[in-house]
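Input: a single structure, listed below in structure tokens.
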Number of protein chains: 2
Amino acid sequence: MSEWDGPGAGDAPPPASNLPADLDGIVGFHLRLAHGAVYRHFTETFAALNLTQKQVSVLWLVAAEPGLAQTALSARLQMDRATVMAIVNRLQDRGFVVRGKSAVDGRKQTLHLTPAGQAALAEARTAIGAHEDWLKARFTRAEVRKLIELLARIHG
Amino acid sequence: MSEWDGPGAGDAPPPASNLPADLDGIVGFHLRLAHGAVYRHFTETFAALNLTQKQVSVLWLVAAEPGLAQTALSARLQMDRATVMAIVNRLQDRGFVVRGKSAVDGRKQTLHLTPAGQAALAEARTAIGAHEDWLKARFTRAEVRKLIELLARIHG
DNA sequence: CAAAAGCCGTATGTGTTGCATACAAATATC
DNA sequence: GATATTTGTATGCAACACATACGGCTTTTG
């Protein structure tokens, strides 16, 4: 501890504003914080259901397209094949989803919801409603549309 | 396999549009996808530097406010105390950050960048520039401002 | 047709993060 | 001075992202 300003030299200066000004211009930074806040609220909202964002997304998509293959899932959710498998494994262990061989392409697995899975999804839809209301409460409808449009431009 | 539409009954219907229409209205869903896309590009951009978003954020903030305590960090980045500790541990192991006891409050640790940490941050700033350019390329300046404003309304 | 190439699911391991809990030390509050 | 509260720390657990490797199946190509 010598040539640079070592610890103990003095404590933090007055925090001034909460964040350094240059960080404020970083879109990715705000995106991360916003995502974190939404993630946190989502987790609270779904504590009782014990479901994560990804799990709900998978249930949702499989319900919308029964027989969907895992690769299709990974493409739509922009996730790794291995990650999708882990998620499907968990959902399968909990009896929400079943895998079956495709009659058309022997490589593919067809995914279907079980009745338990459909029940879970129904509950999840209600919870999503509350969660989205919380999120949208701070925006006008036009702003919500604008935000979605801007975010959609980021993911393909 | 019996009372519900079991597997093998038939494969996925024509994918129609890529996503179910109802998912399109979910702000959180788009936020997650956008965050994922940005996260992925960030990781690529920082592969050589071997730094994560959080690690860069911590370096950035500690540089801006030398002597910052970990609690202050966790507040500014909206992360758990335990999570911040894990990140600081890693940065410390790599010799980018040093902990020191606060002279003012014996409970607090003062954080400082080492020269290596400052060098890493300098490189990181360049990489962030490229990363942000990639991100902002799809927006006008006004849209960037609007997006930041909307995202800021989500995190406090 | 047979071989090569590609796709899909699977298995395994590593690293990062978020969260809960518990504990010790220092400080603040009453 | 006794009792909270704050701060950092230590551990463990769950979820993910990613890389790699492998076997089974399909498509392409020679």
Is there a side-chain polar atom (N or O) of R90(A) under 4.0 Å from OP1 or OP2 of dC16(D)? yes

Measure the spacing between NE2 of H131(A) and OG1 of T45(A) and express it to the nearest 0.5 Å. 6.0 Å

Mind checking A86(B) for me? I need base, sugar-phosphate or nothing, with any heavy atom below 4.0 Å counting as a touch. nothing

Does a distance-only test, which skips hydrogens and angles, find a donor-acceptor pair under 3.5 Å between the side chain of R107(B) and the base of dT6(D)? yes

Mind checking if T83(A) touches a base, just sugar-phosphate, or nothing, with heavy atoms under 4.0 Å? base

Closer than 4.0 angstrom, basic N to acidic O: yes or no for R153(A) and E149(A)? yes

In residues 53-63 of chain A, what donor-acceptor pairs under 3.5 Å come from side-chain atoms, sequence neighbours left out?
residue	atom	partner	partner atom	Å
Q53(A)	OE1	R32(B)	NE	3.4
Q55(A)	OE1	T52(A)	N	3.0
S57(A)	OG	Q53(A)	O	3.0
S57(A)	OG	R32(B)	NH1	3.3
W60(A)	NE1	D22(B)	OD1	3.3
W60(A)	NE1	D22(B)	OD2	3.3

Relative to the 5' end of DNA chain C, which residue comes earlier, Q70(A) or T43(A), by the nucleotide with the nearest heavy atom? Q70(A)

Rounded to whole Å, how long is the line connecting atom NE2 of H35(B) with atom C1' of dC16(D)? 12 Å

Look only at the side chain of E132(B) and the backbone of G28(A), and say whether a donor-acceptor pair between them is shorter than 3.5 Å. yes

Calculate, to the nearest 0.5 Å, the distance between atoms CD and CG belonging to Q109(A) and L73(A) respectively. 12.0 Å

When you measure from the side chain of T71(B), which nucleotide among dA17(D), dG8(D), dT11(D) comes out closest? dG8(D)

Find the distance between CG (L31(B)) and NE2 (H35(B)) and round it off to the nearest 0.5 Å. 8.0 Å

When you measure from the side chain of T83(B) to the backbone N and O of M79(B), does any donor-acceptor pair fall under 3.5 Å? no

The answer to which of Q78(A) and Y39(A) contacts DNA chain D further toward the 5' end, by nearest nucleotide, is Y39(A)

Has K54(A) got a side-chain N or O lying under 4.0 Å from the OP1 or OP2 atom of dA17(D)? yes

Can you give me the first and the last nucleotide of DNA chain C (5' to 3') that has an atom within less than 4.0 angstrom of a non-hydrogen atom in chain A? dG6(C) to dC19(C)

Whole angstrom value for the distance that separates P of dA14(D) from CD of Q55(A): 12 Å

Kindly say whether R90(A) contributes a backbone atom to a donor-acceptor pair with the side chain of R94(A) at under 3.5 angstrom? no

What is the distance from CG of N89(B) to P of dT9(D), rounded to the nearest Å? 7 Å

In terms of side-chain geometry, is the basic nitrogen of R76(B) or E65(B) positioned less than 4.0 Å from the acidic oxygen of its partner? yes

In whole Å, what is the span from the NZ atom of K108(A) to the P atom of dT26(D)? 11 Å

Distance-only, no hydrogens or angles: does the R138(A) side chain make a donor-acceptor pair with backbone N or O of I154(B) under 3.5 Å? yes

Nucleotide of dC16(D), dC18(D), dG8(D) approaching R81(B) most closely (side-chain heavy atoms): dG8(D)

Take atom CG of L77(A) and atom C1' of dA15(D), then tell me their distance rounded to the nearest Å. 15 Å

Give the rounded distance in Å between these two atoms: CG of D80(B) and P of dG12(D). 17 Å

To the nearest angstrom, how far is N50(A) atom CG from dA15(D) atom C1'? 11 Å

Contacts of G106(A) and Q109(B) projected onto DNA chain D by closest heavy atom; the upstream (5') one is Q109(B)

When the rotation axes relating C1' atoms of four end pairs to the next four are compared across the helix from dC1(C)-dG30(D) to dC30(C)-dG1(D), five pairs an end, they differ to 10° by 30°

When rounded to whole Å, the CG to P distance for the pair L51(A) and dA14(D) reads 16 Å

